[in-house]
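Some notes on the structure that comes next.
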Amino acid sequence: MRKFSKVLALTLVLTMVMSSVLTGCKKENGTEETQTKTQTQGATPQADQGGGEAEIEKPKKITIMVDGTLFTKANGRDAFEAKWEELSGIDLEIIQPDHDAYYDVVGQTLASGDWPDAILLSSTFYSGYAEEGVLWDMTDFWENSELKASGRINNEAITDSLYIDGKLYGLSPARGNGCITYVKKAWLENVGLDVPTTFDEYIAMLDAFTKGDPDNNGIDGDTYGVSSAGLIGVEAPYTNYLPEFYQDAFPSFYKNADGQWVDGFSEEAMAGALERLRDAYEKGYIDKESLTNGTSDCRNKFYEDKFGVFTYWAGTWATNMRTNLEANGFDGELIPIEPIKEVGAYLERQAPVWCVTAKAENPEGVAKYFIESMLDGGEMQQLFTYGVEGTHWSTKEEEVCGKIYEEGQFHMLENLETKGTQYTKNHIDPLLSIGNFTAFEDPGAEQVTADTRISQETFNNHSKVVQLVPSTDVMSQYNGDLTTLKREIIANVVTQGISFEDEMKRYEEEGGAEWSKAIVDSLNAK
C-alpha cells in the first residue's frame with residue numbers, strides 16, 4: 001500500500017539533511033505520431049526492436065521536474081525544449097526550480113498532490129521516495145526495454161546499483177562521478193618530492209607544503225598542505241574531500257562482507273581516521289577554516305596559491321582549475337594522482353536518478369519516450385549531452401572566446417549567462433555517459449581537453465560506487481539528528497582535541513548509539 005500521507009514528513013527530514021549540500025553548489029564537478037516515426041535513429045525508440053517491449057502508447061505531453069544540471073532558461077532552455085519536442089513529437093513542460101532550493105520545491109510539489117510525470121532525484125531522495133511509494137516501479141519495463149537490449153549501455157553496474165530490494169525505480173544516464181586528489185606539479189618539484197603513493201609519503205608532502213617554500217616566493221611556512229569543504233560531507237560518500245585521512249573508515253551505514261548492514265561510525269576504523277585528521281590539523285597541514293569552508297572558499301584559496309593539495313571533482317574541473325590558476329599568474333599544471341595504497345579506491349557517488357512518479361497516467365510512455373530516449377545513441381542523446389546547434393554548439397568557422405575554429409570543427413559556444421566562457425556540456429557529461437553513440441560518432445569527443453580526460457579516466461579506473469542505502473521509517477525518524485551528532489563529534493575530536501573515546505561516551509548518552517542500532521536493525525529486517 002502506498003503511503004502518500006508520509007510524503008511531506010519524509011521530505012522535511014530529507015531536506016534538513018540535504019539543504020546544506022545544495023547551498024553554494026551550483027552546477028559544478030544538464031506533432032503527430034506519423035512525424036515521429038521519421039525522426040533520426042533512437043530519438044523515439046520503437047517497440048519490439050530486440051528488447052521484447054510490448055507496444056507502448058506515446059504520450060501527448062510529458063511534465064518533468066529537474067534541477068540546474070539541465071540548461072536553465074538563462075542558458076537556452078527554450079531552445080532545448082523546442083528541439084526535444086521537434087525530435088519526439090511530444091509537448092514537454094519543464095519545471096525547473098532554482099538549483100539551491102530544488103529539494104524544497106520538490107517537497108512542496110509532492111505535498112500539493114500535483115506531481116510531474118518524471119523527476120530527477122539524488123540518491124538520498126530516490127531511496128526515500130521509493131520507500132514511500134512516490135515512484136513507479138519500472139523493473140519490468142527496464143528488463144524488457146529496447147535500451148537494455150540495444151548494446152549501447154557501456155556500464156550496466158550503474159543501473160544495477162539502483163535496485164532496491166530487487167526493484168528498480170529509476171535510471172541514471174551517466175555515472176555519478178566523484179572527487180580525485182589534485183597536486184600542484186610545480187609545488188612538488190619545488191620541494192623535491194615525487195607523487196605520493198602511501199599515507200606516509202602523503203603526510204611528508206603536506207609537511208613540506210606547510211613548512212617549506214613550495215610556491216617559491218622566498219618565504220618558508222606561509223602556505224599549507226590541504227583544504228576541504230568541511231571535515232565530513234553531508235551526503236554520501238561523505239569522506240570524498242579528505243579520502244587520504246579516512247582511508248577504510250566510513251561514517252554512515254553500509255553492508256559489510258557478511259551481507260549485514262552496519263554503522264561504520266562506531267567501528268575502530270573511524271577512531272583511526274579521526275586521529276589522523278586531528279594530528280594533521282594540529283600540525284597545520286589542514287586549513288584551519290576547513291570546518292566552515294564551502295567549496296567556493298576552497299577553490300578561491302587554491303587559485304590564490306595558498307595550498308597545494310585539493311581533492312575535488314574529476315573531469316571538467318581539472319581544466320577549470322588550471323585555467324583559473326593561470327589567470328591569476330600561477331603555474332596551472334595539476335597532477336590527478338591515483339589513490340594512495342591505504343585508500344585503494346576513490347568513492348564514486350550514486351548518480352542522480354530519473355524517475356517516473358506513481359501518479360503518471362502513462363508511466364511506460366514517460367519512461368520510454370523521455371528517460372530511455374536520453375541514451376538513444378543519436379540526436380536525442382546529442383541534445384542531452386551538448387544542447388542545441390546554434391545556441392550551445394556549432395561547427396561553423398568562427399572565433400569563440402578567443403579560440404579559432406575551422407569549418408566543420410565541433411565546438412561549444414559562449415555561455416549565454418557567463419560571458420567569456422564556453423559551454424562544456426548539457427545534462428549528460430560525455431565522459432560519464434553510460435550510453436554509446438551509435439548513429440554517429442560522439443561529435444564532441446575531440447573538444448575534451450587532455451587534463452580533463454586524464455583526470456576523469458584516472459578516477460574512472462580507480463573508483464568504486466558507494467552503496468545505495470534503502471530508506472526505512474526508522475531512518476526517516478532518527479537519521480537527521482544522528483547525522484548532526486556525528487558531525488559535532490568529528491568537529492570536536494579534530495579541531496578541539498577531545499578524545500574520540502570521550503566523544504563516543506557522549507554519543508551513547510545523547511542517544512546516538514540507540515538511534516544507530518535502531519536504523520541498523522530496520523535495514524537488516526528489510
Side-chain angles (χ1 to χ4, degrees), residues 14 16-25 28 122-124 176 178-181 199 202 206 225-254 262-282 285-298 309-313 339 342-343 346-350 466-467 469 475 478-504 506-507 510 512-513 515-516 519:
L14 292 175
M16 284 192 293
V17 174
M18 293 291 292
S19 60
S20 59
V21 179
L22 294 172
T23 303
C25 293
E28 288 204 4
S122 72
S123 61
T124 302
C179 294
I180 188 171
T181 298
F199 184 68
Y202 176 82
L206 296 188
V226 64
S227 184
S228 65
L231 297 173
I232 191 75
V234 294
E235 68 168 340
Y238 304 108
T239 62
N240 53 326
Y241 290 139
L242 293 166
E244 289 79 13
F245 294 98
Y246 281 100
Q247 299 178 12
D248 60 343
F250 192 71
S252 191
F253 304 98
Y254 73 97
V262 296
D263 186 353
F265 186 78
S266 50
E267 293 183 326
E268 185 176 346
M270 184 55 58
L274 297 190
E275 288 174 4
R276 288 188 289 272
L277 282 164
R278 179 176 59 199
D279 183 62
Y281 185 87
E282 290 175 348
Y285 301 159
I286 299 176
D287 176 14
K288 294 294 185 181
E289 296 177 344
S290 289
L291 181 64
T292 56
N293 277 338
T295 54
S296 61
D297 298 316
C298 294
V309 182
F310 190 20
T311 304
Y312 205 54
W313 296 100
E342 293 83 354
V343 172
Y346 292 116
L347 293 180
E348 180 169 7
R349 67 172 180 171
Q350 283 282 345
V466 68
Q467 294 174 345
V469 182
M475 180 175 287
Y478 295 127
N479 200 40
D481 290 336
L482 180 63
T483 299
T484 298
L485 181 56
K486 288 178 179 179
R487 291 172 63 81
E488 290 175 357
I489 288 173
I490 291 171
N492 288 342
V493 173
V494 176
T495 67
Q496 303 301 315
I498 302 174
S499 73
F500 183 69
E501 292 75 15
D502 287 345
E503 282 297 287
M504 289 307 288
R506 173 192 168 205
Y507 183 69
E510 296 189 12
W515 299 334
S516 173
I519 292 173

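Reckoned from all heavy atoms, side chains included, excluding hydrogens, waters and symmetry mates.
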Using a 4.5 Å cut-off on heavy atoms from C-beta on, say whether the side chain of [Y] contacts that of [X].
X    : Y    : answer
Q467 : Q350 : no
V309 : Y202 : yes
V343 : Y246 : no
T311 : S228 : no
D287 : V226 : no
D279 : Y285 : no
F253 : N479 : yes
V469 : S252 : no

Sidechain-backbone polar pair: [X] side chain, [Y] backbone, donor-acceptor under 3.5 Å:
X    : Y    : value
E348 : G176 : yes
T495 : A491 : yes
R487 : I232 : yes
R349 : P237 : no
T484 : G480 : yes

Hey, what do you get for [atom1] ([X]) to [atom2] ([Y]), rounding to the nearest 0.5 Å?
X    : Y    : atom1 : atom2 : result
L231 : S290 : CG    : OG    : 6.0 Å
Q247 : M270 : CD    : CE    : 11.5 Å
S499 : R278 : OG    : CZ    : 7.0 Å
N240 : I180 : CG    : CD1   : 12.5 Å
M504 : L274 : CE    : CG    : 9.5 Å
E235 : T483 : CD    : OG1   : 12.0 Å

To check you understand the geometry: which heavy-atom pair defines the closest contact between [X] and [Y], and what is its length?
X    : Y    : value
S227 : N293 : OG-ND2, 3.0 Å
T181 : P243 : OG1-CG, 4.1 Å
L482 : I519 : CD2-CD1, 3.9 Å
A271 : F500 : CB-CD2, 3.4 Å
D248 : A269 : OD1-CB, 3.8 Å
L347 : T239 : CD1-OG1, 3.7 Å

Exercise for the section: Kindly write out the residues that satisfy salt bridge (charged side-chain N to carboxylate O under 4.0 Å, His left out) with E275, not counting sequence neighbours, or none if the list is empty. Expected result: none
Handout entry: D481/K486 ion pair, N-O < 4.0 Å
Key = no
Handout entry: Salt-bridge present (E244, R276; N to O < 4.0 Å)
Key = no
Exercise for the section: Please work out whether the ring planes of F245 and F199 are parallel, tilted or perpendicular, with thresholds of 30° and 60°. Expected result: perpendicular
Exercise for the section: On the 0 to 90° scale, with breaks at 30° and 60°, tag the Y312-F310 ring pair as parallel, tilted or perpendicular. Expected result: parallel
Exercise for the section: Under the side chain to side chain contact (heavy atoms under 4.5 Å, CB included) rule, what do R506 and N492 come out as? Steps first, then yes or no, please. Expected result: CA-CA 11 Å; R506 173 192 168 205; N492 288 342; 3.1 Å; yes
Exercise for the section: Report yes if the distance between the aromatic ring centroids of F265 and Y507 is under 6.0 Å, otherwise no. Expected result: yes
Exercise for the section: Kindly indicate, with the supporting measurements, whether the criterion side chain to side chain contact (heavy atoms under 4.5 Å, CB included) is fulfilled by E267 and Y254. Expected result: CA-CA 12 Å; E267 293 183 326; Y254 73 97; 2.8 Å; yes
